[in-house]
Amino acid sequence: MTTNMHVKTQSSEGKARISLSGRFDFNSHRLFRDAYEEVLASGDATEIEVDMGAVDYLDSSALGMLLLLREKSLEANKALALSNCRGVVQQILDVANFGKLFTIR
């Protein structure tokens, strides 16, 4: 099965942004992991932002992937924020209490 998610990364002035669009589910785990590992490996970024403005669906495996990124960000001493969460994505994050674990803006 193929994934409908697209990932774009960009970095500037110590901030890295991982922009996601489409369905964020188990089928996109490799794509997401490759993107955040690239960001973590480049030493210049001190803050990582996951822009979820164009995500129209996420499942429990996506929540797990975000938790894994949180763990790796903490180990690498990088700040992490989720941005542009809205609609069903925001509801799922609220139900999962992600506001206690992540900066959400």
Are Phe32 and His29 an aromatic pair, judged by ring center distance below 6.0 Å? no
Looking at NZ of Lys8 and CD1 of Ile18, how far apart are the two atoms once the value is rounded to the nearest 0.5 Å? 13.0 Å
How many angstroms lie between atom CE of Met5 and atom CG of Asp56, to the nearest 0.5 angstrom? 11.0 Å
Taking the side chain as every heavy atom from C-beta outward, state whether Met65 and Ser61 have any pair of such atoms under 4.5 Å apart. yes
Got Leu31 and Arg33 here, is their nearest side-chain heavy-atom distance under 4.5 Å? no
Verify same cluster id: Val55, Leu68 (apolar side-chain graph, 4.5 Å): yes
Looking at side-chain heavy atoms only, is the closest gap between Phe24 and Tyr57 below 4.5 Å? no
Under a 3.5 Å distance rule, please check whether Ser21 uses its side chain to pair with a backbone N or O of Ala54 as donor and acceptor. no
To the nearest 0.5 Å, what is the distance between CG on Asp59 and OG on Ser28? 7.5 Å
Assess the residue pair Arg17 and Thr9 against the criterion (side-chain contact (heavy atoms from CB on, under 4.5 Å)); give the C-alpha distance rounded to whole Å, side-chain angles, the decisive distance to 0.1 Å, and a yes or no. CA-CA 6 Å; Arg17 174 181 288 133; Thr9 59; over 6 Å; no
List the atom pairs, donor and acceptor, that lie under 3.5 Å between side-chain atoms in residues 76-85 and the rest of the protein, sequence neighbours left out.
from	atom 1	to	atom 2	distance (Å)
Lys78	NZ	Ala45	O	2.5
Ser83	OG	Glu49	OE2	2.5
Asn84	ND2	Asp51	OD1	3.0
Asn84	ND2	Asp51	OD2	3.3

Would you give me the side-chain donor-acceptor pairs under 3.5 Å for residues 89-105, sequence neighbours excluded?
from	atom 1	to	atom 2	distance (Å)
Gln90	NE2	Asp94	OD1	2.8
Arg105	NH2	Glu47	OE2	2.6

Kindly compute the distance separating CD1 (Ile48) from NZ (Lys15), expressed to the nearest 0.5 Å. 12.5 Å
Separation between CG of Leu58 and CG of Leu20, rounded to the nearest 0.5 Å: 9.5 Å
